[in-house]
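Okay, so here's the structure we're looking at.
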Amino acid sequence: MPDTQPRAISAPPPSKRTMSTETSFFGDLVDDLALRTEWLEQVIASVPDSGALTQLRGWAKALGELHTAIVHVQARIPDPRFSRLFVIEGPLAAYLSRLFAWCEEMTVDFEALAVKLRRNEPVLAVFSHHRVSDAALRSSLAESRPATPEAQAAWSTFDADFEELIWATEWLHMSLAGTPGA
């Protein structure tokens, strides 16, 4: 049942007032997620201490780790060696778009939970548990990888950041699937 009471704290404003372009698309998404995450931390800070609050903080921490992993991957956007990966219609853009959409849902869900905890209302944490699959993305990355020796060092650091992104996504999935308070 949706929360019909007005929000105690209004939603954060979008980080950008202008429409995203292809060149600003990824940066705008990460800026919006940063703003939402910061807003969520402020909402959580207003909740009285409880076991549920500890769980909520753990989920918010996992969301923050996912945000950091996204930032690390997106740091390659200006590098021409990775330009093919970041085309808007490519698998990496699709994967990141799905991640951002899921993270946005999570911040809204976490905020609603925090508001109920602050009001000392009963809560039932049911989250949108989308599986953000990386299967098509992994094969696309393998196809995009140049075989030149000079590209290998850049790709090895990208690979490490990409694996961090996959790990952070899975960690958030596992955290949400776990028993609350565990």
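Index from 1, following the sequence.
In this structure, OG on S175 lies 8.0 Å from CD on E65, to the nearest 0.5 angstrom. In this structure, the separation between CG on D161 and CD on Q74 is 11.5 Å, given to the nearest 0.5 Å.
In plain terms, the two heavy atoms of V47 and A114 that are nearest each other are CG2-O, 3.3 Å. Of all heavy-atom pairs between A60 and I44, the closest is CB-CD1, 3.6 Å. Of all the heavy atoms in V73 and F86, the pair that sits closest is O-CZ, 3.4 Å. Between L92 and L85, the closest heavy-atom pair is CB-O, 3.2 Å. Nearest heavy atoms, L172 versus A62: CD1-CB, 3.7 Å. Residues L66 and C103 come closest through the heavy atom pair CD2-SG, 3.4 Å.
Residues T54 and R57 form no side-chain contact, since every pair of their non-hydrogen atoms from C-beta on lies 4.5 Å or further apart. Counting only heavy atoms from C-beta outward, the side chains of L63 and L40 approach each other to under 4.5 Å. With contacts defined as side-chain heavy-atom distances shorter than 4.5 Å, the pair E170/W167 does not qualify. A heavy-atom distance below 4.5 Å is found between the side chains of V43 and R118. In this structure, L29 and L96 have side chains that are not in contact, with every pair of non-hydrogen atoms separated by 4.5 Å or more. V30 has its side chain within reach of H67: a pair of non-hydrogen atoms, C-beta onward, lies under 4.5 Å apart. You'll find the side chain of E111 stays beyond 4.5 Å of the side chain of T107, heavy atoms only. Between T169 and Y95 the shortest side-chain heavy-atom distance falls below 4.5 Å.
Using cut-offs of 30° and 60° on the angle between ring planes, the pair W155 and F82 is tilted.
Evaluation of the side chain to side chain donor-acceptor pair (under 3.5 Å) rule for T37 yields no partner, not counting sequence neighbours.
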Next item on the list: Mind running side chain to side chain contact (heavy atoms under 4.5 Å, CB included) on L33 and L99 for me, showing each step along the way?
Entry: CA-CA 10 Å; L33 181 55; L99 273 182; over 6 Å; no
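With W59 contributing its side chain and F110 its backbone, the two residues share no donor-acceptor pair below 3.5 Å. Using a distance-only test at 3.5 Å, with no hydrogens or angles considered, no donor-acceptor pair links the side chain of S83 to the main chain of D79. Formation of a donor-acceptor pair under 3.5 Å by the R76 side chain with backbone atoms of A154 is not found in this model.
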